[in-house]
Amino acid sequence: MSMGVVTVVDRAVLAAYCQCYGRWVEAEQKMQTTPMLLKTASGYVQQSPWLSIANKQLELMGRYMAELGLTPAARSRITTLDVTPADQPLTITRIILTGVDRPDTSSDTPQLQSDGTLVISGTDANL
């Protein structure tokens, strides 16, 4: 956060990553005590459901890691903001999402106005 790479706005992505990580750890622990292949009641052999869960969580974690700049390739594309610590906590009173760049914004970077309004424009506004 101090570098301006991850902000309060990224909280949901970080929470989703943490949830996937927790599920992956649980699945990996379960795989330590169960076989990789299981025989069904009808006699067919199938892959352990814990393996499927672990693989899916790893896939999702990879996506979130790229979004958060936690992979080498993602880190190479990161630009940091010149963030100086504020004396008071940030209070956002209103969020405006616009589908196109507003003329009063200089980039797609979210802009916090003096009245506490956060303006998100351009491609970042497509939720």
**OP:** For W50, check ring-ring contact (aromatic ring centres under 6.0 Å, His included) against everything at least two apart and list the hits.
**Re:** none

Original post:
Looking at side-chain heavy atoms only, is the closest gap between S48 and I53 below 4.5 Å?
Top reply: no

**OP:** Return each pair, listed once, that meets salt bridge (charged side-chain N to carboxylate O under 4.0 Å, His left out) where at least one residue sits in residues 30-57; pairs must be two or more places apart or across chains.
**Re:** K56-E59

Original post:
To the nearest 0.5 Å, how far apart are CG in L68 and CE in M61?
Top reply: 11.5 Å

In residues 12-27, what donor-acceptor pairs under 3.5 Å come from side-chain atoms, sequence neighbours left out?
from, atom 1, to, atom 2, distance (Å)
W24, NE1, E28, OE2, 3.4

**OP:** Supply the members, apart from Y44, of the Ile/Leu/Val/Met/Phe/Trp/Tyr cluster built from side-chain contacts under 4.5 Å; use none for a lone residue.
**Re:** none

Original post:
Linking Ile, Leu, Val, Met, Phe, Trp and Tyr by side-chain heavy atoms under 4.5 Å, what else ends up with V45?
Top reply: L37

Subject >> Residues forming a side-chain hydrogen bond (donor to acceptor under 3.5 Å, both in side chains) with T33, sequence neighbours excluded >> reply: none

Subject >> Partners meeting side-chain hydrogen bond (donor to acceptor under 3.5 Å, both in side chains) with Q47 (sequence neighbours left out) >> reply: S52

Subject >> Qualifying residues under side-chain contact (heavy atoms from CB on, under 4.5 Å), relative to T71, sequence neighbours excluded >> reply: M65, A73, A74

Original post:
Under a single-linkage definition using a 4.5 Å side-chain heavy-atom cutoff for Ile, Leu, Val, Met, Phe, Trp and Tyr, are L58 and L51 assigned to the same hydrophobic cluster?
Top reply: no

